[in-house]
Amino acid sequence: MKLVPEFLKKIERGPTTIFRGHADNSWRAIPSIGRNFSKDWSTVLDKEKAILQEFKNRSIAFLQVTPNTDIDWLCLMQHHGCPTRLLDYTLNPLIALFFASDPTVSSDGEVIVAKYKRSEVSVPDDGLFAIKDAFAYHPPHITNRISGQSGCFVCSAKPNSPLRGEGQKEITIPFKSKVSIRKELSVLGISYSSIFPGLDGICDDLKDTIVSDLELEDLF
């Protein structure tokens, strides 16, 4: 095992340091809700608020735990695939490395290392959509996926602009090393089934296994 230790040597940890992994290093750190809109975000703010309200109205019957604040509602929306002004990060650099080393994406990956002002308490609803600076929010673990990913979020002030944290740097993950990195991470207990508890995680683990096995078969 050498690739993962080499990666960890490039990282300086700190109390406000968080990580994000991109399987393709050409991807930009833009929240999902802003990726297809280039104009002044204030002109569509009412639409963003309307989507949040509709999610509240339609999801309440399916929830075991009801979020108390709008930012926790956004966290729940984000984890179920609805576009929000949040962008997923993690406190665990190995989880960021896992996402950056997806061998099914035939490009170099990237791990983003950044520092953000952090909030561990709920943000007042009346100020959430008027923030001036991005910050990292560490939510209560209201889903098993947030727990499995050591997850936190960066809440963007301008959802259609790339995020860039204090002292941010990007670490390139070569495509040729992705399969080997995934094998090392598996030994360390980092896999789809640990990050995404449930049947989806199990199936993605098996997909990783077959990708690795077929690559070996193709070499010999």
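Note that the coordinates shown come from a computational prediction; the quantities given were computed from them, not determined experimentally.
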Linking I/L/V/M/F/W/Y whenever their side-chain heavy atoms sit closer than 4.5 Å, directly or via other members, would Ile131 and Ile30 fall into one cluster?
no

Does one side chain, of Tyr116 or Asp133, offer a donor that lies under 3.5 Å from an acceptor on the other?
no

The single option from Gln53, Lys49, Lys56 passing side chain to side chain donor-acceptor pair (under 3.5 Å) against Asp70
Lys56

Flag yes if more than 12 heavy atoms outside Lys10 fall under 6.0 Å of its NZ atom; otherwise flag no.
no

So does Lys183 get a backbone contact from the side chain of Ser186, meaning a donor-acceptor N/O pair under 3.5 Å?
no

Hey, does Phe175 have a side-chain heavy atom less than 4.5 Å from the side chain of Ser107?
no

Please report the C-alpha distance between Tyr137 and Asp72 in whole Å, then the side-chain angles of each, then the deciding distance to 0.1 Å, and finally whether the side-chain contact (heavy atoms from CB on, under 4.5 Å) criterion is met.
CA-CA 9 Å; Tyr137 180 60; Asp72 285 336; 2.7 Å; yes

According to a hydrophobic-cluster definition based on side-chain heavy atoms being under 4.5 Å apart (Ile, Leu, Val, Met, Phe, Trp, Tyr only), do Leu3 and Ile11 belong together?
yes

Side-chain donor-acceptor pair present, Gln78, Asp88, cut-off under 3.5 Å
yes

Okay, side chain of Glu170, backbone of Val111: is any donor-acceptor separation there less than 3.5 Å?
no

Count the heavy atoms belonging to other residues, nucleotides or ligands that lie under 6.0 Å from CG of Asp46, then report whether that count exceeds 12.
no

Give the minimum heavy-atom separation between Ile18 and Cys152, together with the two atoms involved.
CG2-SG, 3.7 Å

Considering only residues two or more places apart or on different chains, which pairs with a residue in residues 15-36 satisfy ring-ring contact (aromatic ring centres under 6.0 Å, His included)?
none

Go through it in stages, so that I can follow the logic: the residues are Glu6 and Lys2, the test is salt bridge (Lys or Arg N to Asp or Glu O under 4.0 Å), and I'd like the CA-CA distance, side-chain angles, deciding distance and then a yes or no.
CA-CA 6 Å; Glu6 288 175 0; Lys2 63 178 182 178; 5.7 Å; no

Gap separating the NZ atom of Lys47 from the CZ atom of Phe37, nearest 0.5 angstrom
9.0 Å

Where do Val154 and Ala134 come nearest, in terms of heavy atoms and distance?
CG1-CB, 4.0 Å

Between Cys82 and Ile51, what is the shortest heavy-atom contact and its length?
SG-CG2, 4.1 Å

Could you tell me whether the side chain of Thr16 reaches within less than 4.5 Å of the side chain of Lys115, counting heavy atoms only?
yes

In terms of side-chain heavy atoms, does Arg182 have a donor or acceptor partner in Ser101 at a distance below 3.5 Å?
yes

I need the Cys155 SG to Leu74 CG distance, nearest 0.5 Å.
7.0 Å

Looking at Lys169 and Glu12, is there a salt bridge between them, counting it only when a charged N and a carboxylate O are closer than 4.0 Å?
no

So CG of Asp108 and OG of Ser26: to nearest 0.5 Å the spacing works out to 10.0 Å

In the single-linkage hydrophobic clustering (I, L, V, M, F, W, Y; side-chain heavy atoms under 4.5 Å), do Val44 and Leu52 co-cluster?
yes

Evaluate the side-chain hydrogen bond (donor to acceptor under 3.5 Å, both in side chains) criterion for residues Asn92 and Thr90: first the C-alpha distance (whole Å), next the side-chain angles of each, then the deciding distance (0.1 Å), finally the verdict.
CA-CA 5 Å; Asn92 188 336; Thr90 177; 5.8 Å; no

Looking only at heavy atoms, the pair that brings Gly165 and Ala114 closest together is CA-CB, 4.0 Å

side-chain contact (heavy atoms from CB on, under 4.5 Å) test vs Ile181 passes for just one of Ile173, Leu94, Ile190, namely Ile173

Mind checking whether Phe62 and His80 have ring centres under 6.0 Å apart?
no

Here the pair of heavy atoms bringing Leu91 nearest to His138 is CD2-CE1, 3.4 Å

Close side-chain approach of Glu110 and Ile171, heavy atoms under 4.5 Å
no

Taking Ile112 as the starting point, is it possible to reach Val105 by hopping between hydrophobic residues whose side chains are less than 4.5 Å apart?
no

Does the Lys NZ or Arg CZ of Arg118 fall within the cation-pi geometry relative to Phe135 - under 6.0 Å from the ring centre and within 45° of the axis?
no

OG1-CZ distance between Thr84 and Phe55, expressed to the nearest 0.5 angstrom
10.5 Å

With no hydrogens and no angle check, just 3.5 Å: does a side-chain donor-acceptor pair link Gln168 and Glu166?
no

Write down the atom of Ala157, the atom of Arg85, and the distance for their closest heavy-atom approach.
O-NH1, 3.9 Å

Closer than 3.5 angstrom, by distance alone: can the side chain of Ser156 be matched with the main-chain N or O of Lys158 as a donor-acceptor pair?
yes

Just how far is it from atom CD1 of Ile71 to atom CG of Leu86, taken to the nearest 0.5 Å?
6.0 Å

Taking Trp41 as the starting point, is it possible to reach Phe129 by hopping between hydrophobic residues whose side chains are less than 4.5 Å apart?
yes

Could you check whether atom CG of Asp40 has more than 12 heavy atoms from other residues, nucleotides or ligands sitting under 6.0 Å from it?
yes

Can a donor-acceptor pair be found between the side chains of Asp102 and Thr104 at a distance below 3.5 Å?
yes

